[in-house]
Amino acid sequence: QVQLVESGGGLVRAGGSLRLSCTASGGIFSINVMGWFRQAPGKQRELIATITSGGSTNVADSVKGRFTISRDNAKNTVYLQMNSLIPEDTAVYYCSVNGVRTITPTGVTTYWGQGTQVTVSS
């Protein structure tokens with residue numbers, strides 16, 4: 001069964017940096033798109049950034065120029081480098097993968113991580 005394990009969240013002061021990691025495991029043959037979402041209290045889940053297996057990226061305007069997404073296909077790992085953090089970045093950050101092909105087909109192609117809390121203090 002495919003599992004996503006996130007790490008790297010925490011408490012940081014405004015202007016600081018954090019790097020999130022998310023590793024997918026469980027009989028994976030390939031992953032098309034890996035991405036990050038976030039959800040702040042009382043708000044809808046928001047797409048932050050995505051990256052394809054070929055390296056094409058899409059980054060939300062709200063974080064463009066501050067956040068960078070990257071991935072290591074050999075490790076089935078996606079990263080989110082977050083710089084110049086502001087209090088408005090405070091949220092639970094979720095990793096998601098789409099277009100997953102497993103060695104044993106399951107019929108499921110999208111998976112979510114459990115979320116990691118990022119808190120930015122002013």
What closest approach, in Å, do [X] and [Y] show between heavy atoms, and which atom pair accounts for it?
X      : Y      : answer
Met34  : Cys22  : CE-O, 4.4 Å
Asn98  : Ile31  : O-CG2, 4.0 Å
Leu18  : Gly8   : CD2-O, 3.8 Å
Gly113 : Glu6   : CA-OE2, 3.3 Å
Thr102 : Thr104 : OG1-O, 2.7 Å
Ala14  : Ser122 : CB-CA, 4.4 Å

Can you see whether Tyr79 has Arg71 sitting over its ring - NZ or CZ less than 6.0 Å from the centre and within 45° of the normal?
no

Measure from NZ or CZ of Arg38 to the centre of the six-membered ring of Tyr94, then state whether that distance is under 6.0 Å and the direction lies within 45° of the axis.
no

Do the side chains of [Y] and [X] get nearer than 4.5 Å, heavy atoms only?
X      : Y      : result
Ser96  : Thr110 : yes
Ser17  : Val12  : no
Val33  : Val97  : no
Phe37  : Gln44  : no
Gln114 : Cys95  : no
Thr90  : Val118 : no
Asp89  : Arg66  : yes
Val120 : Arg13  : no

Return yes if some donor-acceptor pair links the side-chain N/O of [X] with the main-chain N/O of [Y] below 3.5 Å, else return no.
X     : Y     : result
Gln39 : Tyr93 : no
Asn76 : Ile28 : no
Gln81 : Thr68 : no

Is Lys75 atom NZ crowded by more than 12 heavy atoms from other residues, nucleotides or ligands, each under 6.0 Å away?
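Result for NZ/Lys75: open.
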
Spell out, yes or no, whether Leu4 and Val108 are grouped together once hydrophobic residues are joined by side-chain heavy atoms under 4.5 Å, including indirect joins.
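Yes: a chain of side-chain contacts under 4.5 Å links Leu4 to Val108.
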
Following the transitive rule for hydrophobic clusters with a side-chain heavy-atom cut-off under 4.5 Å over Ile, Leu, Val, Met, Phe, Trp and Tyr, establish whether Val92 and Trp112 coincide in one cluster.
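Yes, Val92 connects to Trp112 through the hydrophobic network.
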
Are Phe67 and Trp36, when compared by the centres of their aromatic rings, separated by less than 6.0 Å?
no

Assess the side chains of Thr77 and Thr23: does a donor N or O sit below 3.5 Å from an acceptor N or O?
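Side chains of Thr77 and Thr23: pair found under 3.5 Å.
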
Under a 3.5 Å threshold, yes or no: a donor from one side chain and an acceptor from the other, between Thr119 and Gln117?
yes

Euclidean distance, Ser56 OG relative to Ile51 CD1, rounded to 0.5 Å
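Ile51 CD1 to Ser56 OG: 8.0 Å, rounded to 0.5 Å.
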
To the nearest 0.5 angstrom, please state how far the CD1 atom of Ile69 sits from the CG atom of Leu80.
6.5 Å

For Leu20 and Thr116: C-alpha separation, side-chain torsions, deciding distance, then whether side-chain contact (heavy atoms from CB on, under 4.5 Å) applies.
CA-CA 9 Å; Leu20 305 183; Thr116 185; 4.1 Å; yes

So Glu46 and Ser62, side-chain contact (heavy atoms from CB on, under 4.5 Å) or not? Walk me through it.
CA-CA 10 Å; Glu46 173 190 17; Ser62 59; 3.1 Å; yes

